[in-house]
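Note: hydrogens, waters and symmetry copies are ignored here, and every other heavy atom, side chains too, is used. Note that the coordinates shown come from a computational prediction; the quantities given were computed from them, not determined experimentally.
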Amino acid sequence: MFSAADHLHMARALRLAERGLYTTAPNPRVGCVLARDDEVVGEGCHERAGEAHAEVHALRQAGARARGATAYVTLEPCSHHGRTPPCANALIDAGIARVVAAMRDPNPEVSGRGIELLTLAGVRAELGLMQAEARELNPGFVSRMTRGRPWLRLKTASSLDGATALENGVSQWITGPAARADVQRWRARSCAILTGVGTVLADDPRMDVRDLDIGRQPLRVILDSRLRTPPTARILHGGALIVCQDAGDGPPPALLDAAATVLELPGPDGRPDLALLLEELARRGVNELHVEAGATVNGALLQAGLVDEWLAYFAPSVLGRRARGLFDLPALTDMAGRRGFQLADAAVVGADLRLRLRPI
């Protein structure tokens with residue numbers, strides 16, 4: 001169905017889409033290539049929410065050469081007026097003869113309408129080329145549109161025997177500088193970073209993006225059932241969302257003065273309702289949620305079935321059985337209760353090993 005040239009141009013469109021990895025949220029990352037007789041006449045990517053879409057950049061570059069060309073787009077061209085006009089109409093007006101889209105728009109309100117507009121206008125429209133790669137580029141956008149919640153990526157750093165800190169709580173640094181720099185890139189592509197109040201009290205982390213100029217900071221989210229977050233905590237610099245079980249007569253004024261927003265989401269176990277939190281974050285446009293927390297939060301998320309991906313860094317060291325572990329989970333009585341993962345990829349990062357895993 002698709003030629004070698006089709007694959008080549010779509011692969012280029014996917015690489016272009018990666019340029020928006022850190023900047024397009026809450027929109028998807030999209031790339032576009034325009035080709036005539038196997039010659040590329042225009043290309044572009046969506047660079048930032050509210051700005052021109054990938055198709056528009058490619059059409060501007062191509063000019064009159066767009067007429068009769070094939071457009072290779074990593075996502076079905078949009079069919080609705082948002083902050084920018086519909087790209088399907090722009091392709092039609094430019095005289096594009098054929099559109100190859102990697103995947104449908106997962107937004108149920110518009111899915112298929114872009115292809116329909118193109119077809120009704122006489123444009124040959126095809127779907128499905130390198131669809132898996134396109135979905136991998138936008139797991140958060142797909143999740144928010146189809147499940148009503150972000151893609152949750154849990155990051156841990158531990159010794160080979162699964163220890164995250166010594167018995168006395170000392171944890172810096174288990175992994176090396178290359179692994180920590182790698183984590184910054186995963187933070188940067190996320191819309192929000194979540195941690196627990198235990199981590200805030202123990203480490204006073206900033207939980208921000210450093211050494212990468214992405215023009216924004218992810219929303220910091222703190223799970224804090226009893227509002228124990230100190231107003232002086234570094235994570236509050238620039239604002240943060242504190243999620244509690246019950247704010248009583250109202251949030252402490254000192255927290256509000258520190259630019260914190262307090263959200264009550266009472267759950268059945270005396271802790272904030274995690275599923276409701278993910279729904280609320282989706283309503284706020286969060287595509288990818290990055291989690292760096294302790295064993296209590298990690299265990300709660302895993303037990304609730306909310307972990308979509310586990311980014312596990314392992315240092316080539318052993319801390320022993322008295323060290324602190326990765327997940328606080330109920331004891332198992334048989335192996336049938338264990339939680340299984342499949343390996344998405346593995347990489348050596350500096351002196352450490354990084355595994356990317358997904359629940360089976």
Side-chain angles (χ1 to χ4, degrees), residues 13-34 42-63 66 71-94 96 99 101-111 113-114 117-118 134-135 137-146 148-151 185-193 208-209 212-221 238-241 259 261 280-290:
L14 287 164
R15 289 195 298 274
L16 288 167
E18 289 177 356
R19 295 181 179 177
L21 197 63
Y22 306 140
T23 56
T24 64
N27 292 352
R29 300 135 183 163
V30 182
C32 178
V33 169
L34 304 182
E43 62 180 29
C45 68
H46 182 42
E47 297 174 358
R48 197 175 302 276
E51 297 182 3
H53 289 186
E55 297 94 323
V56 173
H57 284 297
L59 289 170
R60 287 173 180 169
Q61 189 179 101
Y72 298 88
V73 194
T74 59
L75 184 69
E76 175 186 3
C78 62
S79 58
H80 62 289
H81 282 270
R83 284 188 278 183
T84 58
C87 290
N89 289 349
L91 293 169
I92 293 167
D93 294 342
I96 292 293
V99 172
M103 60 179 284
R104 286 188 186 275
D105 189 328
N107 185 343
E109 296 181 1
V110 298
S111 181
R113 286 175 56 191
L117 276 175
L118 293 166
R135 289 181 69 90
L137 195 59
N138 286 297
F141 183 74
V142 172
S143 177
R144 183 165 65 86
M145 289 295 133
T146 60
R149 69 176 184 84
W151 178 266
R185 289 186 283 274
W186 289 98
R187 285 185 183 182
R189 64 176 287 166
S190 303
C191 302
I193 300 173
D208 57 2
V209 176
L212 288 169
D213 184 14
I214 62 172
R216 64 176 181 89
Q217 284 292 342
L219 170 69
R220 270 71 57 86
V221 183
L241 177 66
T261 300
E280 173 61 28
L281 291 177
R283 284 191 288 270
R284 294 175 183 232
V286 172
N287 290 336
E288 296 182 27
L289 175 62
H290 179 93

(message) For a quick test of reading the model, state the closest non-hydrogen atom pair linking G44 to A54 and the distance between them.
(response) O-CB, 3.7 Å
(request) Mark yes or no for whether E18, through its side chain, and G31, through its backbone, hold a donor-acceptor pair below 3.5 Å. (result) no
(request) Check for a donor-acceptor pair, side chain of R144 on one end and backbone N or O of P26 on the other, with a separation under 3.5 Å. (result) yes
(request) I would like to know whether E47 and R19 meet side-chain contact (heavy atoms from CB on, under 4.5 Å); could you show each step before the answer? (result) CA-CA 7 Å; E47 297 174 358; R19 295 181 179 177; over 6 Å; no
(message) According to ring pair (Phe, Tyr, Trp, His ring centres under 6.0 Å), who are the partners of H46, at least two apart in sequence or on a separate chain?
(response) H53
(request) Side-chain contact test, heavy atoms from C-beta onward, threshold under 4.5 Å: evaluate it for F141 versus R29 and give yes or no. (result) no
(message) So R185 and R189, do their side chains get closer than 4.5 Å, heavy atoms only?
(response) no
(message) Check whether T74 reaches the backbone of A134 with its side chain - one donor and one acceptor, N or O, closer than 3.5 Å.
(response) no
(message) Working to the nearest 0.5 angstrom, can you tell me the gap between N27 CG and N287 CG?
(response) 8.5 Å
(request) Work out which heavy atom in L59 is nearest to a heavy atom in A94; give both atom names and the distance. (result) CD2-CB, 3.6 Å
(message) If I take atom CG from residue L241 and atom CG from residue L281, how far apart are they, to the nearest 0.5 angstrom?
(response) 7.0 Å
(message) To the nearest 0.5 Å, what is the distance between SG on C87 and CG on L118?
(response) 10.5 Å
(request) State the CE-CG distance between M103 and L75, to the nearest 0.5 angstrom. (result) 5.5 Å
(message) Within this structure, what is the OG-CD distance for the pair S111 and E109, rounded to the nearest 0.5 Å?
(response) 11.0 Å
(message) Can you give me the closest heavy-atom contact between R113 and S79, atom names plus distance?
(response) CB-OG, 3.3 Å
(message) Please find the pair of heavy atoms, one from G148 and one from A282, that lie closest to each other, and give the distance.
(response) O-CB, 3.3 Å
(message) Donor-acceptor check, side chain of R220 to backbone of P218, threshold 3.5 angstrom: yes or no?
(response) yes
(message) For T146 versus V142, what's the shortest heavy-atom pair and its separation?
(response) OG1-O, 2.7 Å
(message) Between P28 and M145, is there a side-chain heavy-atom distance shorter than 4.5 Å?
(response) no
(message) To the closest 0.5 Å, what do you measure between CD1 (I92) and CG (L117)?
(response) 5.5 Å
(message) For P139, is there any backbone N or O sitting under 3.5 Å from a side-chain donor or acceptor partner on S143?
(response) no
(message) Can a donor-acceptor pair be found, under 3.5 Å and without considering hydrogens, that links the side chain of E76 to the backbone of G114?
(response) yes
